[in-house]
Amino acid sequence: GAFRGQRETRCCWSAGIGSTQCPVTMSIAEAGEDVNAIVMDFGTHSFRLGFSGEDGPKYYFPTAVGVTRQSVGGASSVASDRTVGAGEAMDVDAPAASSGETKKFRCGYQALNVKTDNVDIECPLEDGLVSDWEGLEKLMDFGFRHMMRIDPSNYGLLLSEVPYNTPAQREQFCRLVFETFGFKYMFIAKSPVLSSFSVGKSAALVVDCGHIGTTVTPVVEGFALTSCIRRSPFGGQFLNEELRAVFERENVKPRPIFSFEKTKLGADQYQVRELDLPNITPSFWNYHTQNMIADVKESLLLVSEAPFDEEKNTNLPALSYELPDGQSLSLGTERFSIPEKLFLPSAAAAREMNESLDALDGEALHLSAYASLRLTDADKRKDIQNSVLLTGGTCSLRGLNKRFEREIQCLPSQTKIKLSSIPTAAGLDRRQNPWIGGSILASLGNFQHLWISEKEFEDHGPSCVNTKCP
């Protein structure tokens, strides 16, 4: 499909990975076997799954699990024994823990969107790293067995990771893939490397603006320069919290659709009655209100092409967003002032505050990118400057791409900094870049000898993942 003309130029990159010295035998190359692969890319917000060689991931679901905890001997918690359809909810009973409680897990949009008493909604990731392996295992099982409906023993798994992942977490992933799910092969690749690969670049400065924050990573010859990573708390969650403050200031309470009854009285007239829901947990309520706030963000917020001065734009017309219960939230200057915080201080203001220009620093998107660029060796910097890649869900915010380009061009540089264009064929969005890069990589003939096999895992243990996967 969209990748056919790009693969040949990328073979040298995959060969570069194989140049890492490694005592593990290359059993797949000897056997000449091509691996049918699953590609898994996930972040704090969502999971993306699909088959290698395809143009985009076919399966999405939230990186969140609903958990019902019950003491042993209490009311029974029995999972449904019927076949679960693709995209449907899944209930899984976990074995009794030593603490004397059982857990029932719910995964998927349907399970999390239906009002259910005594369910906590939890994310198994914290700051991009796994904090709850049991919850992550349930999400992976839901994806593989209930959405994709595959037998893992017939496939290899290529999964992405954050560039600051730890060796211990990688080894735990290795155990999970082989011991729990029984995959034949696996490989772990850093998400910024896969993102650069998705647009045909072996060198790039990848600015990943996701849900919990922004991570800037230089990629050179297919390797992430982890010593040059810069991180910022500015991301989708930051914008959500800023918008939540506007809700509170305007005395508008976001109510999930399950929390009220709406009765029609006449033409455009409704009566809303709040329901008494004593068994709805705070985390369940917060999950649904966050989704509502995120929808307002995506509908109304807009990044100004130039630095936005709120005092000079007080007469901007307001736009309204009607909530499910009939309440209305109006945003005027806030439509621009909230996303403007991603770019404060602006490049021009930063230059005025710092005469030397050599110590420009800050958590704004463009300043984080500039700081990461400056940490890179001078001989590698030119190639990276020629390809700055914006990726991540927050980069889909309207106007962000143009504003970032404007700010990055205003920063001091000996050569012009260029943004990489994102292929828009097949309607792909920026959060898919790591998955697409993994899809291309796993389908390359030159890559097949790099898989970690089940036998290699048995012979060398989980530490082989840190040797074979750079």
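Everything quoted here is computed from the prediction, not taken from an experiment.
- Annotation: side chain of Phe234 is not in contact with side chain of Thr394 (no heavy-atom distance under 4.5 Å).
- Ring pair Trp133/Phe173 is perpendicular by interplanar angle, where above 60° counts as perpendicular and below 30° as parallel.
- Between Arg374 atom CZ and Arg230 atom CZ the span is 9.5 Å, to the nearest 0.5 Å.
- You'll find the side chain of Gln432 reaches within 4.5 Å of the side chain of Tyr60, heavy atoms only.
- Between Leu301 and Leu331 the shortest side-chain heavy-atom distance falls below 4.5 Å.
- Arg381 approaches Thr376 most closely through the heavy-atom pair NH2-O, 2.7 Å.
- Of the N and O atoms on the side chains of Thr44 and Thr63, not one donor lies less than 3.5 Å from an acceptor on the other residue.
- Side chain of Ser160 to backbone of Lys190: no donor-acceptor contact under 3.5 angstrom is found.
- Shown here is Ile257, whose CD1 atom has no more than 12 heavy atoms of other residues, nucleotides or ligands within 6.0 Å.
- A donor-acceptor pair under 3.5 Å links the side-chain atoms of Ser443 to the main chain of Ile440, judged by distance alone.
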Salt bridge (charged side-chain N to carboxylate O under 4.0 Å, His left out) evaluation trace for Glu248 with Arg244:
CA-CA 6 Å; Glu248 294 175 354; Arg244 182 186 286 274; 5.3 Å; no

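- Residues Gly66 and Leu112 come closest through the heavy atom pair N-CD2, 3.6 Å.
- Under the ring-ring contact (aromatic ring centres under 6.0 Å, His included) test applied with Phe144, the options Phe183, Tyr155, Phe51, Tyr59 reduce to a single match, Phe183.
- You'll find the side chain of Phe284 stays beyond 4.5 Å of the side chain of Pro256, heavy atoms only.
- Using a 30° and 60° split on the angle between ring planes, Phe61 and Phe47 fall in the parallel class, below 30°.
- Within 6.0 Å of atom CD in Glu250, more than 12 heavy atoms from other residues, nucleotides or ligands are found, so the atom counts as buried in its surroundings.
- Atoms CD and OG1, on Glu161 and Thr166 in that order, are 9.0 Å from each other to the nearest 0.5 Å.
- Between the CD1 atom of Ile38 and the CD1 atom of Ile150 there is a distance of 4.0 Å, given to the nearest 0.5 Å.
- His366 and Tyr370 have their aromatic ring centers separated by at least 6.0 angstrom.
- Inspection of the Ser46 and Arg48 side chains reveals an N or O donor paired with an N or O acceptor under 3.5 Å.
- Rounding to the nearest 0.5 Å gives a distance of 10.0 Å between CZ of Arg431 and SG of Cys395.
- Not less than 6.0 angstrom separates the ring centroid of Phe260 from the ring centroid of Tyr270.
- Of the options Lys341, Glu334, Arg335, a side-chain contact (heavy atoms from CB on, under 4.5 Å) to Ser337 is made by Glu334 and by none of the others.
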Kindly determine whether Leu342 and Phe238 satisfy side-chain contact (heavy atoms from CB on, under 4.5 Å), including the steps that lead there.
CA-CA 9 Å; Leu342 301 177; Phe238 168 81; 4.2 Å; yes

Between Met186 and Cys174, is a side-chain contact (heavy atoms from CB on, under 4.5 Å) present by the stated rule, with each step listed?
CA-CA 8 Å; Met186 75 162 291; Cys174 199; 3.7 Å; yes

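- Val130 has its side chain out of reach of Gln172: every pair of non-hydrogen atoms, C-beta onward, lies at least 4.5 Å apart.
- At distances below 3.5 Å, not a single donor-acceptor pair connects side-chain atoms of Lys138 with backbone N or O atoms of Arg106.
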Please step through side-chain contact (heavy atoms from CB on, under 4.5 Å) for the pair Leu444 and Phe197, ending with a clear verdict.
CA-CA 12 Å; Leu444 290 174; Phe197 200 48; 3.6 Å; yes

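- Residues Phe187 and Pro470 approach most closely at CZ-CD, 4.2 Å, considering heavy atoms.
- Considering only heavy atoms from C-beta on, Pro307 stays 4.5 Å or farther from Phe343 through its side chain.
- The minimum heavy-atom distance between Ala369 and Val207, with the atom names listed, is CB-CG2, 4.2 Å.
- Aromatic ring orientation, Trp451 versus Phe447: perpendicular (interplanar angle above 60°, classes split at 30° and 60°).
- The main-chain N or O of Asp379 is never found under 3.5 Å from a side-chain atom of Asp377 such that the two would form a donor-acceptor pair.
- When all heavy atoms are compared, the tightest approach of Pro152 to Arg145 is CD-NH1, 3.7 Å.
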Kindly determine whether Leu49 and Met148 satisfy side-chain contact (heavy atoms from CB on, under 4.5 Å), including the steps that lead there.
CA-CA 8 Å; Leu49 283 170; Met148 302 186 77; 3.9 Å; yes

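- Taking NZ from Lys201 and CG from Asn386, the interatomic distance works out to 8.0 Å, rounded to the nearest 0.5 Å.
- Counted within 6.0 Å of NZ on Lys262, heavy atoms from surrounding residues, nucleotides or ligands total more than 12; the atom is thus considered enclosed.
- Defined by atom type and a distance below 3.5 Å, a donor-acceptor pair is missing between the side-chain atoms of Thr333 and Asn313.
- In terms of modelled atom types and a separation under 3.5 Å, the side chain of Ser198 and the main chain of Ser195 share a donor-acceptor contact.
- No side-chain heavy atom of Arg255 sits under 4.5 Å from any side-chain heavy atom of Pro324.
- Within the 3.5 Å criterion, the main-chain N or O of Pro282 finds no donor-acceptor partner in the side chain of Asn286.
- Heavy-atom minimum distance, Pro163 versus Thr215: CG-CG2, 3.9 Å.
- You'll find the side chain of Asn240 reaches within 4.5 Å of the side chain of His211, heavy atoms only.
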For salt bridge (charged side-chain N to carboxylate O under 4.0 Å, His left out), just list the numbers for Arg403 and Glu305, CA-CA rounded to whole Å, side-chain angles, deciding distance to a tenth of an Å, and then say yes or no.
CA-CA 5 Å; Arg403 177 62 181 280; Glu305 288 191 25; over 6 Å; no

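- Looking only at distances, no side-chain donor or acceptor of Thr217 sits under 3.5 Å from a matching main-chain atom of Val206.
- The line from CD1 of Ile212 to CG of Asp127 is 5.0 Å long, rounded to the nearest 0.5 Å.
- Not a single donor-acceptor pair under 3.5 Å links the side chain of Glu363 to the backbone N or O of Pro233.
- A donor-acceptor contact shorter than 3.5 Å links the side chain of Ser439 to the backbone of Gly53.
- Thr214 contributes no side-chain N or O that, together with a main-chain N or O of Gly235, makes up a donor-acceptor pair within less than 3.5 Å.
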